Amino acid sequence: MPRDNELMAVTGFRSTHALCTLVERLVDPAFLVQQAPEGLLSGYHFADLPILGTVTAGVPSPADEELTDTMSLDEYLIANKEATYILKVRGDSMIDAGILPGDLLLVERGVTPRDGDMVIAQVDREWTMKFFRRRGSTVFLEAANQNYRPIHPQEELTIAAVVRAVIRKYA
Amino acid sequence: MNAPLTLHAFPRAILHVDGDAFFASCEQSRRPQLQGRPVVTSKERGIAASMSYEAKARGVTRGMRLADIRKRCPDAVILPSDYETYSLLSTRLFAIVRRYTPEVEAYSVDECFADLTGLRRPLRMSYFQMAAQIKKDLDSALGFTFSVGLAPNKVVAKIASKWQKPSGLTAIPGRELHHFVAKVPVGTVCGIGPQTTALLQKHGVATALQFAQKPEPWVKQYFSKPFQAIWHELNGAYVFELATGEQTPSHSIQKVKTFTPSSQEKAFVWAQLAKNVENACIRARKYTLAAQRVVIFLRTQHFRDVGREVELSGPTHFPTDILRAVLPVFEALFDASMPYRATGVILLKLSEAYYGQLDLFGEAIRMQRLSNLYESLDTLREKYGKHTVFLGASYLAHTHAQHDGERGHLPERQRELLPGETARKRLGIPMFMGEVR
């Protein structure tokens with residue numbers, strides 16, 4: 001950060017009082033930090049991005065640098081944030097695909113399903129979870145459970161969403 | 001007269017997006033059993049706040065009472081409002097429009113304006129294509145339809161989005177403006193109320209076009225500034241700027257809550273009022289505003305309001321200060337022979353909260369302590385949910401259900417908690433409801 005005399009040259013202020021007032025205003029919302037030996041340091045809100053920390057001398061901590069390239073669990077699981085919904089599984093129709101009653105699904109609305117996608121379809125005014133299968137020009141829904149027969153839609157098939165992730169929380 | 005009002009198509013390109021039967025659609029889109037059926041929300045308020053198009057077709061109107069709805073439309077599905085979910089979806093609406101332009105005004109929970117001017121080259125689309133694409137993104141991501149209007153300004157953009165509803169997509173370029181406004185009754189233009197409509201009627205103005213064609217001196221002679229602005233916009237000019245920043249309550253903060261059954265118990269009514277004061281203060285602190293003046297009021301079972309204004313000794317946003325000041329007024333207002341159904345509070349004369357001023361009586365020190373205390377309480381609230389810690393004064397309001405009987409039914413999402421969720425805090429992702437097999 002620039003020194004007082006440098007700041008005065010930049011701002012054109014001729015009084016240190018005016019400069020101090022400006023600095024105080026920037027310190028208050030944590031854009032800048034005032035510290036005795038170093039003078040001004042960039043604050044937490046500097047450039048609107050959290051600063052990882054300030055280092056007085058020497059090499060920056062390698063751990064801090066590496067952490068800038070990590071993603072949160074939300075970012076990992078959710079691609080299209082505005083179109084993602086959650087739902088709770090009740091039935092056992094996908095049990096052979098490893099999906100159990102009580103599991104939570106993250107599903108994305110408004111995407112065109114591809115063959116083999118796990119989808120949430122609307123059948124008889126109810127949600128149903130199945131594999132989406134396309135054979136040439138015909139499509140059908142297939143359960144991952146031998147007790148359920150494939151569903152061949154008579155007229156229209158409404159696919160509400162495609163399953164993107166399964167969450168099972170223990171305890 | 002069939003002359004165009006203006007020759008430009010889109011000197012500015014303003015978009016208005018409006019959710020179709022928003023709350024009812026939020027419900028239908030997450031429950032397939034409700035699709036194609038008349039759905040009404042706001043069971044807890046005892047009236048219809050939002051009706052699906054199926055319910056509208058059966059004659060259910062906004063504000064209709066539950067008993068009347070059942071008479072008119074016995075198969076209507078009446079649901080308690082799930083404002084948490086509606087807000088989550090509302091945030092998505094704005095976020096999707098912001099993918100295209102940063103200049104978005106969140107006009108209400110289900111409506112926004114967006115300025116698309118100048119984006120044709122970077123997005124490689126015409127304004128109409130942008131409007132169509134935004135509508136497509138909204139419809140597919142939210143699972144229900146939106147009506148979209150494109151015009152040179154806000155007043156006409158609202159006419160455009162209303163032009164065809166539901167699921168409309170209407171562009172009104174400046175040079176075709178006169179064809180559209182000729183068919184719009186002047187009283188349905190946004191900002192023109194019944195009084196103005198009646199006055200215009202006396203001058204033989206029935207349609208928006210007739211109003212637009214009146215000469216400017218005439219408009220200036222009879223109407224105030226806001227109506228002159230509407231006149232300019234109906235002529236294709238751009239006057240009303242978009243308010244794109246975060247909306248802060250600059251004027252007042254109001255919290256009113258009804259409870260059923262009505263109560264004659266003083267401690268309970270006071271607790272209801274205290275809870276409203278706490279909520280109003282949470283909002284004030286959120287925007288670091290402090291109130292200098294407070295209005296409290298009590299509504300009797302027969303919808304009669306009694307209230308009074310109280311001047312505070314200094315600006316504050318702490319419920320303890322406000323409750324101390326309004327207690328004597330409450331004591332004077334409360335009539336033990338009267339059953340009450342609602343209480344309310346309005347914080348007035350808001351200013352930026354600031355406790356730097358030192359004084360002789362240690363007030364600044366006391367405020368600093370309160371401020372530290374409420375900073376901690378607000379942190380607790382963010383972590384564990386609203387009203388994790390509340391004042392003893394509002395205890396009775398927190399421990400009793402707000403409504404008894406069917407009006408007290410909680411939305412399904414609040415009844416069906418996921419493992420780890422609490423009554424105060426749930427996952428911030430909207431949920432598909434019903435059985436998934």
Side-chain angles (χ1 to χ4, degrees), chain A residues 24 28-29 74 77-95 99-112 118-130 141 143 145 147-148 151 158-171, chain B residues 17 25-26 28-37 39 77 84-85 88-100 104 133-146 288 352 354 356 412-413 415-421 426-437:
Chain A
E24 272 167 30
D28 213 32
D74 274 16
L77 294 173
I78 298 172
N80 184 351
K81 204 172 150 217
E82 281 78 37
T84 301
Y85 295 78
I86 200 154
L87 64 84
K88 199 172 165 182
V89 179
R90 321 258 170 161
D92 56 358
S93 69
M94 295 303 276
I95 206 151
I99 295 178
L100 303 178
D103 285 353
L104 298 180
L105 304 179
L106 287 173
V107 303
E108 188 177 334
R109 253 198 210 279
V111 280
T112 314
M118 212 182 283
V119 298
I120 303 300
Q122 211 176 298
V123 175
D124 295 335
R125 291 197 166 203
E126 274 202 36
W127 299 125
T128 183
M129 180 187 24
K130 297 284 180 291
L141 298 174
N145 181 337
N147 299 330
Y148 296 88
I151 299 173
T158 310
I159 304 292
V162 171
V163 178
R164 295 299 192 202
V166 185
I167 302 169
R168 186 176 309 148
K169 193 174 157 186
Y170 295 100
Chain B
V17 178
S25 296
C26 290
Q28 285 181 318
S29 71
R30 63 174 171 172
R31 280 193 192 84
Q33 308 89 289
L34 298 182
Q35 282 162 23
R37 294 180 61 184
V39 174
V77 181
E84 184 175 285
T85 298
L88 287 172
L89 292 169
S90 167
T91 316
R92 290 182 169 197
L93 151 64
F94 306 137
I96 289 169
V97 181
R98 283 201 185 95
R99 290 176 188 167
Y100 293 81
V104 175
Q133 190 64 41
I134 289 172
K135 174 173 162 47
K136 194 172 152 247
D137 283 4
L138 287 170
D139 291 356
S140 81
L142 297 181
F144 57 91
T145 60
F146 288 77
T288 50
E352 189 81 11
Y354 170 74
E412 192 182 342
R413 181 67 182 88
R415 282 182 278 124
E416 302 260 321
L417 296 180
L418 300 174
E421 287 186 333
R426 287 164 292 274
L427 206 57
I429 303 177
M431 197 177 195
F432 280 17
M433 309 304 287
E435 307 282 294
V436 183
R437 298 187 183 283

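Each chain gets a letter, A, B and so on, in the order the sequences are listed, and its residues count up from 1. This structure is a prediction, so every number in the text was calculated from the model and none was measured.
- When the options A:I78, A:T84, A:V111 are evaluated for a side-chain contact (heavy atoms from CB on, under 4.5 Å) with A:R164, the one that passes is A:V111.
- Interface residue A:Q122: only side-chain heavy atoms are found under 4.5 Å from chain B.
- Paired with A:M118 under the rule side-chain contact (heavy atoms from CB on, under 4.5 Å), one option of A:I99, A:V162, A:L105 passes, and it is A:I99.
- Contacts of A:V107 with chain B are made by side-chain atoms alone, with heavy-atom separations under 4.5 Å and no backbone atom involved.
- For a residue to count as touching a neighbouring chain, one of its non-hydrogen atoms must lie under 4.5 Å from one of that chain's; by this rule B:L427 touches chain A with the side chain only.
- Interface remark: A:A161 contributes side-chain atoms only to the contact with chain B (heavy atom separation under 4.5 Å).
- Interface remark: A:K130 contributes side-chain atoms only to the contact with chain B (heavy atom separation under 4.5 Å).
- The ring-ring contact (aromatic ring centres under 6.0 Å, His included) test applied to B:F144 returns B:F22, B:F146, not counting sequence neighbours.
- Of the atoms belonging to B:L93, not a single heavy atom falls under 4.5 Å from chain A.
- Note that the NZ atom of A:K81 and the CD1 atom of B:I96 stand 11.0 Å from one another [nearest 0.5 Å].
- In this view, B:R99 and A:N80, A:E82 satisfy the side chain to side chain donor-acceptor pair (under 3.5 Å) rule, not counting sequence neighbours.
- Residue B:T91: no heavy atom, backbone or side chain, is found under 4.5 Å from chain A.
- Residues A:R90 and B:E416 are paired through a salt bridge, judged by an N-O separation under 4.0 Å between the basic side chain and the carboxylate.
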